[in-house]
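Written out below as structure tokens is the structure these notes cover.
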Amino acid sequence: MSSELKVWDAQRLSEIAEQTLGITKSKRSWERFLAGLPFLQVITAPDELLDDIGRPARSIVISQLINEAQQERRPVYFLAIHHLDDLNVAVTSTTKGRKTWLGFQKKSNNFR
């Protein structure tokens, strides 16, 4: 049995909650709710970023890359992978705070 993976954002959550549960909230209410969930957190401050083995990133390099991308009007994305009981959650966030996320069952991918 295969299932199609879908990327989630606040808009998709709002639509699903309204259709299936009859819950209607404003976009801002959903954003506030999602901001409080620890498994959707993404660090975007250059001086707090870590590489894949936990070493601090070079904040001056990260800042320069962000500035160059913004000058060329290219989006900048940050990634965090959170490991829950039976689920891994990959979360991206832009420098403006727009988040998307995708959940994977642990047995279906290589993330530990």
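By convention here, the first residue in the shown sequence is residue 1.
- Clustering ILVMFWY residues whenever any of their side-chain heavy atoms sit less than 4.5 angstrom apart, transitively, puts L87 in the very cluster that holds L34.
- Taken from CH2 in W101 to CZ in R12, the straight-line distance is 10.0 Å, to the nearest 0.5 Å.
- In terms of heavy atoms, T94 sits closest to T44 at O-CG2, 4.3 Å.
- Put simply, NZ on K25 and CZ on R32 are 9.5 Å apart, with the number rounded to the nearest 0.5 Å.
- Counting heavy-atom neighbours within 6.0 Å of L50 CG, excluding the residue itself, gives a total above 12.
- Clustering ILVMFWY residues whenever any of their side-chain heavy atoms sit less than 4.5 angstrom apart, transitively, puts L65 in the very cluster that holds I60.
- Atom OG1 in T92 sits 10.5 Å away from atom CG in L40 (nearest 0.5 Å).
- When all heavy atoms are compared, the tightest approach of V7 to L102 is N-CD1, 4.0 Å.
- A69 and V76 get closest at one heavy-atom pair: CB-CG2, 3.6 Å.
- Proximity of a side-chain donor or acceptor of T20 to a complementary backbone N or O of I16 within less than 3.5 Å is detected.
- Distance check, rounded to the nearest 0.5 Å: CD of E72 to CG of N67 gives 11.5 Å.
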Could you walk me through whether F78 and I66 pass the side chain to side chain contact (heavy atoms under 4.5 Å, CB included) test, one step at a time? CA-CA 11 Å; F78 295 89; I66 292 170; 3.6 Å; yes
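- In this structure, R98 pairs ionically with D9, as a charged nitrogen and a carboxylate oxygen lie closer than 4.0 Å.
- With a 4.5 Å cut-off on side-chain heavy atoms, W30 and I23 count as touching.
- For the atom pair OG of S14 and CD of E31, the computed distance is 10.0 Å after rounding to the nearest 0.5 Å.
- L21 is connected to L13 through a chain of hydrophobic side-chain contacts under 4.5 Å among Ile, Leu, Val, Met, Phe, Trp and Tyr, so both are in one cluster.
- With rounding to the nearest 0.5 angstrom, the CG atom of N88 is 5.5 Å from the NE2 atom of H83.
- Neither V91 nor Y77 shares a network with the other; the hydrophobic side chains, linked directly or stepwise wherever heavy atoms of I, L, V, M, F, W or Y lie under 4.5 Å apart, form separate groups for each.
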Take V89 and I81 through the side chain to side chain contact (heavy atoms under 4.5 Å, CB included) test and state the conclusion after the steps. CA-CA 6 Å; V89 180; I81 299 173; over 6 Å; no
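- In the model, Q11 has a side-chain atom that pairs as donor or acceptor with a side-chain atom of E15 under 3.5 Å.
- Around atom CG of D86, no more than 12 heavy atoms belonging to other residues, nucleotides or ligands sit under 6.0 Å away.
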Is there a side chain to side chain contact (heavy atoms under 4.5 Å, CB included) between K99 and Q41 once you walk through the steps? CA-CA 9 Å; K99 292 181 183 177; Q41 299 305 310; 4.2 Å; yes
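- For the pair Q70 (side chain) and T95 (backbone), a donor-acceptor distance under 3.5 Å is absent.
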